[in-house]
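Take this structure, written in structure tokens, and hold onto it; I'll ask about it next.
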Amino acid sequence: MSKALEDKRTATRLRVLVEIADRQPAVSQGEIADAVGVTSQAVSEYIRDLVDDGFVEKEGRSRYRVTKEGVDWLFREVKAIRRFTDHVTEDVLQSVQEDAALATDRIEAGETVTLSLREGLLHATPGDAGPATGTATTSAEAGADVSVTGFEGVIEMSPGSVAIYQVPRARNGGSRAVGTDALGAVVDTTGLVVAAGVEAVAALRRIDAEPAVRVAAGAVAAEAATKGQDVVVVASVDEVGRVTDTLRDRDVTYELVDTAGS
């Protein structure tokens, strides 16, 4: 995710840099302050930091120009923001006109429900106690699917974690080189386990575990993580790059663990 979406300072830094790019080379700090909503002194400090970081170069009094490094940073941040907004508009907003949820208790048609996301699935709970609510259009028993419309508020959703456990090639020991106790402990405490590569499947089967999927592990992990699920990816050395490439393309963070000898 874009850092500008994670903290206010980075967001302001991005806006100041955009204003400089739009006004260069003659830059009025007062005009930028008005546009961004901060003081002129704050703009001066942001510009000084941008110059120090090599994102802006000073050409003279009140004359600045965005450097190639600054343009590259803007492109990266804007691309990440675009991915986030695309996710909101395409995956979240378009799907909330009317959607199915799992009822956590008995729900009657016409009843107001609180919506939450658990393990990647939308859940509906009778009442309006949460930040996101809707109206049930069907009745359902606990555990059954219920149709919900009239969405209001924002569904709280924290991204899940992705841990990639790397398995050596077969000629280097493969699944036999993996510490089964350590891998088993991780698998037992994670809701979704996927595999990429023969060695990975063999390593899981040594601990009597079957992966949820054995194809498109990176895509599955990325999709699940964006919906709040924690994922373990067990991948052979030859498959790790494909998995991490997919996760980076989806702007999903991950932890890479070498299981050899663990």
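Count residues from 1 along the sequence.
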Just jot down the side-chain hydrogen bond (donor to acceptor under 3.5 Å, both in side chains) partners of Thr125, sequence neighbours excluded, or say none.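 Testing Thr125 for side-chain hydrogen bond (donor to acceptor under 3.5 Å, both in side chains), a comparison that skips the adjacent residues, returns Thr104.
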Side chain Arg169, main chain Gly174, donor-acceptor under 3.5 Å: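 No, because the side chain of Arg169 does not come within donor-acceptor range (under 3.5 Å) of the backbone of Gly174.
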Please tell me if the side chains of Thr133 and Val113 come closer than 4.5 Å, counting only heavy atoms from C-beta onward.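 Thr133 vs Val113: side chains apart.
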When you measure from the side chain of Glu111 to the backbone of Glu108, do you find a donor-acceptor pair of N or O atoms at a distance under 3.5 Å?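 Yes, the answer is positive, given that a donor and an acceptor are paired below the 3.5 Å cut-off.
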To the closest 0.5 Å, what do you measure between CD1 (Ile81) and CG (Leu14)?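 Ile81 CD1 to Leu14 CG: 5.5 Å, rounded to 0.5 Å.
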Using every non-hydrogen atom in the two residues, find where Val237 and Pro168 come nearest and quote the distance to one decimal.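 Shortest heavy-atom contact: CG2-CA, 3.8 Å.
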Could you walk me through whether Gln24 and Val66 pass side chain to side chain contact (heavy atoms under 4.5 Å, CB included), step by step? CA-CA 8 Å; Gln24 65 184 7; Val66 178; 3.7 Å; yes
Say whether Ser62 and Gln29, considering side chains only, have a donor N or O and an acceptor N or O under 3.5 Å apart.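 Distance-only check fails for Ser62 and Gln29.
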Tell me, do Asp99 and Val148 make a side-chain contact under 4.5 Å, heavy atoms counted?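 The answer is no; the side chains never approach within 4.5 Å.
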Thr137-Thr149 side chain donor-acceptor pair, cut-off 3.5 Å: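 There is no such pair between these side chains.
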Measuring only between side-chain heavy atoms, which start at C-beta, is His123 closer than 4.5 Å to Leu115?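 A side-chain contact under 4.5 Å is absent here.
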Does any N or O in the side chain of Ser139 come within less than 3.5 Å of the main-chain N or O of Ala109, such that one atom is a donor and the other an acceptor?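 Checked: pair present.
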Going hydrophobic residue to hydrophobic residue with side-chain gaps under 4.5 angstrom, can you get from Val51 over to Val36?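 As far as the 4.5 Å side-chain criterion goes, Val36 and Val51 are connected within one cluster.
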List the steps and the verdict of side chain to side chain contact (heavy atoms under 4.5 Å, CB included) for Lys58 and Val56. CA-CA 7 Å; Lys58 186 173 183 179; Val56 170; over 6 Å; no
Does Glu152, at its CD atom, have more than 12 non-hydrogen atoms belonging to other residues, nucleotides or ligands within less than 6.0 Å?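 No, CD of Glu152 has 12 or fewer neighbouring heavy atoms, counting only those of other groups under 6.0 Å.
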Any Leu192 side-chain heavy atom under 4.5 Å of Val194 side chain: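 Of all side-chain heavy-atom pairs linking Val194 with Leu192, at least one is under 4.5 Å.
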I would like to know whether Asp49 and Arg13 meet salt bridge (Lys or Arg N to Asp or Glu O under 4.0 Å); could you show each step before the answer? CA-CA 9 Å; Asp49 288 343; Arg13 174 185 172 95; 5.3 Å; no
Determine whether the side chains of Tyr254 and Arg248 contain a donor N or O and an acceptor N or O closer than 3.5 Å.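 Yes, because at least one side-chain N or O of Tyr254 sits under 3.5 Å from a partner of the opposite role on Arg248.
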Taking Thr112's backbone N and O only, do any of them form a donor-acceptor pair with Thr135's side chain (distance below 3.5 Å, no angle check)?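 No, because the side chain of Thr135 does not come within donor-acceptor range (under 3.5 Å) of the backbone of Thr112.
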Closest contact, heavy atoms only, Leu204 versus Ala195: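 Smallest heavy-atom distance, with atoms named: CD1-CB, 3.9 Å.
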Do Thr190 and Asp230 have a side chain donor and acceptor closer than 3.5 Å?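 Checked: Thr190/Asp230 side chains show no N/O donor-acceptor pair below 3.5 Å.
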Search all heavy atoms of Val220 against all heavy atoms of Val215 and return the closest pair with its distance.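 Closest approach of Val220 to Val215: CG2-O, 4.3 Å.
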Check for me, please, whether Val43 and Leu74 land in the same ILVMFWY cluster - side-chain distances under 4.5 Å, paths through other members count.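 As far as the 4.5 Å side-chain criterion goes, Leu74 and Val43 are connected within one cluster.
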Ser147 and Glu98, any side-chain heavy atoms less than 4.5 Å apart: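 Glu98 vs Ser147: side chains touch.
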Asn172 and Ala177: which non-hydrogen atoms are nearest, and at how many Å?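 Looking at all heavy atoms of both residues, the shortest contact is O-CB, 4.3 Å.
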In terms of hydrophobic clusters joined by side-chain contacts under 4.5 Å, are Val198 and Val234 together?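 Different hydrophobic clusters.
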Beyond-backbone contact of Trp73 with Leu17, side-chain heavy atoms, under 4.5 angstrom: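 They are in side-chain contact.
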Looking at CZ of Arg206 and CG of Asp208, how far apart are the two atoms once the value is rounded to the nearest 0.5 Å?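 Those atoms lie 11.0 Å apart.
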Let me confirm one number: the OG1-CD distance from Thr226 to Glu223, rounded to the nearest 0.5 Å.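 Output value for this atom pair is 4.5 Å.
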May I have the step-by-step check of salt bridge (Lys or Arg N to Asp or Glu O under 4.0 Å) for Glu77 and Lys79, ending in yes or no? CA-CA 5 Å; Glu77 289 296 313; Lys79 183 179 179 181; over 6 Å; no
Looking at every non-hydrogen atom in both residues, tell me the closest pair between Glu59 and Pro25 and how far apart they are.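 Heavy atoms of Glu59 and Pro25 come nearest at OE1-CB, 3.8 Å.
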With rounding to the nearest 0.5 Å, note down the distance linking CG in Leu50 to CD in Glu69.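 These two atoms lie 12.5 Å from each other.
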Are any side-chain N or O atoms of Thr114 and backbone N or O atoms of Gly130, one a donor and one an acceptor, separated by less than 3.5 Å?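 Yes, Thr114 side chain to Gly130 backbone: donor-acceptor pair under 3.5 Å.
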Look at the side chain of Thr67 and the backbone N and O of Gly54, then say whether any donor-acceptor pair between them is shorter than 3.5 Å.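 Checked: pair present.
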Mind checking whether Arg63 and Val27 have side chains closer than 4.5 Å, heavy atoms only?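 They are not in contact (no side-chain heavy atoms under 4.5 Å apart), so the answer is no.
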Does this structure show an ion pair linking Glu19 with Arg23, if we count only N-O contacts that are shorter than 4.0 Å?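 Judged by the 4.0 Å cut-off on N to carboxylate O distance, Glu19 and Arg23 do form a salt bridge.
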Atom pair CG/OG of Asp34 and Ser28 - distance to nearest 0.5 Å: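 Atom-to-atom, Asp34:CG and Ser28:OG are 8.0 Å apart.
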Steps toward salt bridge (Lys or Arg N to Asp or Glu O under 4.0 Å) verdict (Arg65, Glu57): CA-CA 5 Å; Arg65 191 175 298 276; Glu57 59 182 13; 5.1 Å; no
Just by distance, do the side chain of Arg242 and the backbone of Asp238 share a donor-acceptor pair under 3.5 Å?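 Side chain of Arg242 to backbone of Asp238: a pair is present.
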Result of checking Val162, Val240, Thr244 against Val233 for side-chain contact (heavy atoms from CB on, under 4.5 Å):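 The side-chain contact (heavy atoms from CB on, under 4.5 Å) with Val233 is passed solely by Val162 among Val162, Val240, Thr244.
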Any non-hydrogen side-chain atom of Leu122 less than 4.5 Å from a side-chain atom of Leu102?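 Leu122 vs Leu102: side chains apart.
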Please answer: with hydrophobic residues joined when any side-chain heavy atoms are less than 4.5 Å apart, are Val193 and Leu121 in the same cluster?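 As far as the 4.5 Å side-chain criterion goes, Leu121 and Val193 are not connected within one cluster.
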Decide if atom CD of Gln41 counts as having more than 12 heavy atoms of other residues, nucleotides or ligands within a radius under 6.0 Å.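 Atom CD in Gln41 is not crowded, with 12 or fewer foreign heavy atoms closer than 6.0 Å.
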Name the residue from Arg82, Arg76, Arg83 that meets the salt bridge (Lys or Arg N to Asp or Glu O under 4.0 Å) definition with Asp251.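 Testing each of Arg82, Arg76, Arg83 against Asp251, the sole residue satisfying salt bridge (Lys or Arg N to Asp or Glu O under 4.0 Å) is Arg83.
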With no hydrogens and no angle check, is any side-chain donor or acceptor of Glu199 less than 3.5 Å from a backbone partner on Ala170?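 Side chain of Glu199 to backbone of Ala170, a donor-acceptor pair under 3.5 Å: yes, one is there.
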Rounded distance (nearest 0.5 Å) linking atom CG of Leu183 with atom CD1 of Ile207: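 Answer for the CG-CD1 pair, Leu183 versus Ile207, is 4.0 Å.
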Check this for me: does any side-chain nitrogen of one of Asp72 and Lys68 sit under 4.0 Å from a carboxylate oxygen of the other?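 Looking at Lys68 together with Asp72, the answer is yes, because their closest N to O distance falls below 4.0 Å.
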Keeping the roles fixed (side chain from Arg15, backbone from Ala35), state whether a donor-acceptor pair exists under 3.5 Å.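 A pair under 3.5 Å: yes.
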If you take all heavy atoms of Ala124 and Ile107, which pair is closest and at what distance?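 The answer is O-CD1, 3.6 Å.
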